[in-house]
Protein chains: 2
Amino acid sequence: MTTQHTPFARKLGAFVALSPEELGLLDQLHSRRRTFPALRDMVYEGQVERSAYILASGRVCSYKLLPGGTRQIVDFQIPGDFLGLRSVLFRTADHNIEPITRVQASEVQAQDLLDAFNTAPRLAAAVLWAASRDEAMVVEHLVDIGRRDAKQRMGHFLLELGARLKLVGLGSSDGYNCPLTQYLLADALGLSAVHVNRVLRELREDGLVSFQQGKVIFSDFDGLVEFTEFDRHYLDHEGPLMK
Amino acid sequence: MTTQHTPFARKLGAFVALSPEELGLLDQLHSRRRTFPALRDMVYEGQVERSAYILASGRVCSYKLLPGGTRQIVDFQIPGDFLGLRSVLFRTADHNIEPITRVQASEVQAQDLLDAFNTAPRLAAAVLWAASRDEAMVVEHLVDIGRRDAKQRMGHFLLELGARLKLVGLGSSDGYNCPLTQYLLADALGLSAVHVNRVLRELREDGLVSFQQGKVIFSDFDGLVEFTEFDRHYLDHEGPLMK
DNA sequence: CGCGGCATTGAGGCACATCAAACTCTGTGG
DNA sequence: CCACAGAGTTTGATGTGCCTCAATGCCGCG
């Protein structure tokens with residue numbers, strides 16, 4: 001029922017039980033498949049073409065640049081995630097999107113999306129739900145940076161990413177592949193790369209998580225959950241709410 | 001055309017040019033008007049009644065509590081803002097909402113909203129836009145906390161709030177009423193109340209802004225915009241995009 | 001084999017936190 | 001009308017988490 005469809009459909013199906021017609025409409029959104037090389041921005045701040053993407057494979061990050069040259073990574077996206085919803089709805093994109101690895105994604109234009117909403121209003125509710133879930137993650141990220149120290153922050157981040165990947169079948173409680181550099185982590189967590197390195201070492205020495213060679217390994221999952229006060233509640237993953 | 005309708009309708013109208021029927025539907029959402037005293041939470045984390053509100057008057061903040069007793073304020077809401085969209089769409093609320101002053105708000109139940117979407121799909125797009133705009137503010141808040149120092153952060157925050165209030169007619173480039181304590185500012189900006197006080201003094205002594213007796217006064221608006229590198233772009237306020 | 005990107009470690013400094021205390025208001029009751 | 005309490009603001013002193021600068025090590029790749 002779900003497996004033959006895209007990760008995106010699977011994700012929306014977690015909120016709204018979708019009919020075959022609705023699933024079909026979603027599949028149509030995937031007609032314009034494109035490939036992007038790592039590191040060249042797919043969307044940049046100020047861009048006027050209002051297009052967004054649904055990520056099929058690879059990893060990307062969305063970020064904002066500051067005049068001083070520093071940047072803040074707002075979120076990482078994984079397969080099944082919607083990229084740049086705000087750049088479809090807004091006049092110009094308000095953030096950048098950069099592929100971390102080679103990426104495959106389907107381009108979605110504003111009109112396609114609005115047409116789909118007209119045909120199947122329940123899809124609008126489902127997309128709204130997905131957007132809200134993304135916002136919940138940004139909110140938790142905000143709490144992370146505002147009120148947790150570097151060590152808890154790092155642990156919390158690694159757990160959250162793990163939970164998301166697990167949902168699309170790309171990880172488990174043992175660990176997952178994570179092609180992020182310490183610089184990327186630093187830009188995401190509001191830390192310096194040097195401090196990221198020290199914090200990772202501490203977490204490893206504490207026997208909680210290790211992050212090496214592009215792999216995250218949870219040495220003591222429960223211990224890490226406790227240490228970081230991780231509550232997966234905000235990810236809201238428990239079967240469709242709208243029948 | 002806009003003035004006889006609610007601030008909420010005015011806000012959505014900034015994105016979608018709404019028909020009289022659509023405006024009528026929006027007005028119907030305002031049937032269950034309620035009043036809340038200051039300080040008692042309207043929505044709390046884990047709450048199961050899935051209801052949200054449209055704020056008519058007063059000020060509220062939404063926040064998350066941490067086990068240690070600290071809290072992070074995610075956003076302040078002003079009249080015309082939607083409160084707790086995520087608590088309608090999610091199984092349980094993932095955050096708290098507290099009135100800062102006495103508040104008047106219209107209760108909106110999940111079904112009301114979904115029914116309105118069914119009748120007028122363009123409303124769904126408009127609400128999605130409003131949600132995206134809220135997310136853009138959270139994102140900017142994240143950048144604030146992650147990458148700006150306390151002084152820039154405070155100035156940026158005061159400018160953003162001013163821009164939002166101006167839009168609903170509650171402020172100008174000279175200043176605005178701001179019933180927030182330094183403790184609230186601290187919880188919002190990820191600082192200690194003591195440091196908030198020092199930073200406010202510095203900004204005042206620099207002749208940029210003053211914050212006293214519940215009033216924000218921009219002594220040098222342009223100077224502050226420059227100092228904080230404020231770019232109002234992300235608020236996306238420039239007339240309807242969908243005709 | 002050497003170069004460039006990334007990881008690691010050390011030393012020193014600063015922006016912020018924490019603790020502690022006084023000061024200012026505002027409202028309240030005697 | 002004054003005494004008092006409580007909430008918020010202000011200021012000082014001291015401590016620390018994280019930054020910056022600088023160097024070294026590691027590894028894959030041309």
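Below, chain A is the first sequence line, B the second, and so on; all start at residue 1. Note that this is a predicted model, so its numbers are computed, not measured.
Put simply, CZ on Arg148(A) is 14 Å from P on dC18(D), counting in whole angstrom units. When rounded to the nearest whole Å, the span between CG of Leu180(A) and P of dA7(C) equals 10 Å. Look at CE on Met154(B): it is 13 Å from C1' on dC16(C), rounded to the nearest Å. Look at CD on Gln212(A): it is 17 Å from P on dC6(C), rounded to the nearest Å. Protein atom CG of Leu39(B) is 11 Å distant from nucleotide atom P of dA7(D), rounded to whole Å. Between Asp149(B) atom CG and dC18(D) atom C1' there is a gap of 14 Å when expressed in whole angstrom units. Counting to the nearest Å, the C1' atom of dT16(D) and the NZ atom of Lys151(A) are 15 Å from each other. What separates CG of Leu203(A) from P of dT8(C) is a distance of 13 Å, to the nearest Å.
Distances were taken from every side-chain heavy atom of Gln182(A) (C-beta onward) to each of dT10(D), dA7(C), dC18(D); the shortest belongs to dA7(C).
For dG8(D), the OP1/OP2 oxygens have no side-chain nitrogen or oxygen of Gln213(B) closer than 4.0 Å.
Comparing Arg153(B) and Tyr183(A), the nucleotide of DNA chain C nearest to each residue sits closer to the 5' end for Tyr183(A). With the nearest nucleotide of DNA chain D identified for both Arg201(B) and Arg147(B), Arg201(B) has the one nearer the 5' end.
Between Phe8(B) and Phe82(B), the angle of the ring planes lies from 30° to 60°, which puts this pair in the tilted group.
Judged by distance alone, the side chain of Asp149(B) and the main-chain N or O of Gln152(B) form a donor-acceptor pair under 3.5 Å. In terms of modelled atom types and a separation under 3.5 Å, the side chain of Gln104(A) and the main chain of Gly58(A) share no donor-acceptor contact. No donor-acceptor pair under 3.5 Å is formed between the side chain of Thr70(B) and the backbone N or O of Leu66(B). Side-chain N or O atoms of Gln72(B) include one that pairs as donor or acceptor with a backbone N or O of Asp187(B) at under 3.5 Å.
Applying the side chain to side chain donor-acceptor pair (under 3.5 Å) test between Asp144(B) and each of Arg148(B), Arg147(B), His141(B) identifies Arg148(B) as the sole match.
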Would Phe230(B) and Phe221(B) count as a ring pair (Phe, Tyr, Trp, His ring centres under 6.0 Å) here? Give the steps. CA-CA 11 Å; Phe230(B) 183 66; Phe221(B) 188 86; 7.9 Å; no

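By the side-chain contact (heavy atoms from CB on, under 4.5 Å) test, Val194(B) is found to be paired with Ser192(B), Arg198(B), residues two or more places apart in sequence or in another chain being considered.
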Tell me, for nucleotides 23-30 of chain D in 5' to 3' order, what letter each nucleotide earns: B for a base near a protein heavy atom under 4.0 Å, S for only sugar-phosphate near one, - for neither? --------

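Salt bridge status for Asp75(B) with Arg164(B): present, with a side-chain N to carboxylate O gap under 4.0 Å.
Residues from residues 188-198 of chain B with heavy atoms under 4.0 angstrom of DNA chain D, sorted by number: Val194(B), Asn197(B), Arg198(B).
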